[in-house]
> 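Next up is a structure, given as structure tokens.
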Amino acid sequence: MPVARRDPRAPRPEKICPVCGRPFQWRKKWERDWDRVVYCSDACRRGTPR
């Protein structure tokens with residue numbers, strides 16, 4: 001049975017980072033943890049100012 005593939009042109013889910021306020025998109029490496037992802041980067045997670 002063929003595996004259903006996602007259309008690469010389809011819009012990806014987005015969230016807003018609470019630290020920097022920038023939008024960030026879903027990534028393959030976050031596939032299993034997307035519901036728990038809050039920050040766009042490690043720097044924002046640590047609270048390091050940009």
Side-chain angles (χ1 to χ4, degrees):
M1 181 179 261
V3 176
R5 294 186 184 235
R6 195 174 93 50
D7 181 5
R9 296 171 304 226
R12 294 179 176 170
E14 261 190 10
K15 291 185 178 182
I16 304 293
C17 178
V19 175
C20 65
R22 295 179 182 170
F24 61 99
Q25 291 185 341
W26 179 92
R27 292 186 189 175
K28 179 72 175 172
K29 72 180 201 176
W30 293 334
E31 187 171 26
R32 286 182 277 148
D33 299 322
W34 180 245
D35 293 334
R36 295 190 332 223
V37 173
V38 177
Y39 304 105
C40 66
S41 65
D42 288 337
C44 283
R45 185 173 47 80
R46 288 190 304 265
T48 307
R50 290 190 174 175

> Calculate, to the nearest 0.5 Å, the distance between atoms OG and CZ belonging to Ser41 and Arg46 respectively.
7.5 Å

> Does any non-hydrogen side-chain atom of Val37 lie less than 4.5 Å from one of Phe24?
yes

> For Ile16, what are the other residues in its hydrophobic cluster, where any two members join if their side-chain heavy atoms are less than 4.5 angstrom apart?
none

> According to salt bridge (charged side-chain N to carboxylate O under 4.0 Å, His left out), who are the partners of Lys28, at least two apart in sequence or on a separate chain?
Glu31

> Determine, for Trp30 and Lys15, whether the Lys NZ or Arg CZ falls below 6.0 Å from the six-membered ring centre while staying within 45 degrees of the axis.
no

> Between Cys40 and Cys44, which heavy-atom pair has the shortest distance, and what is it?
SG-SG, 3.7 Å

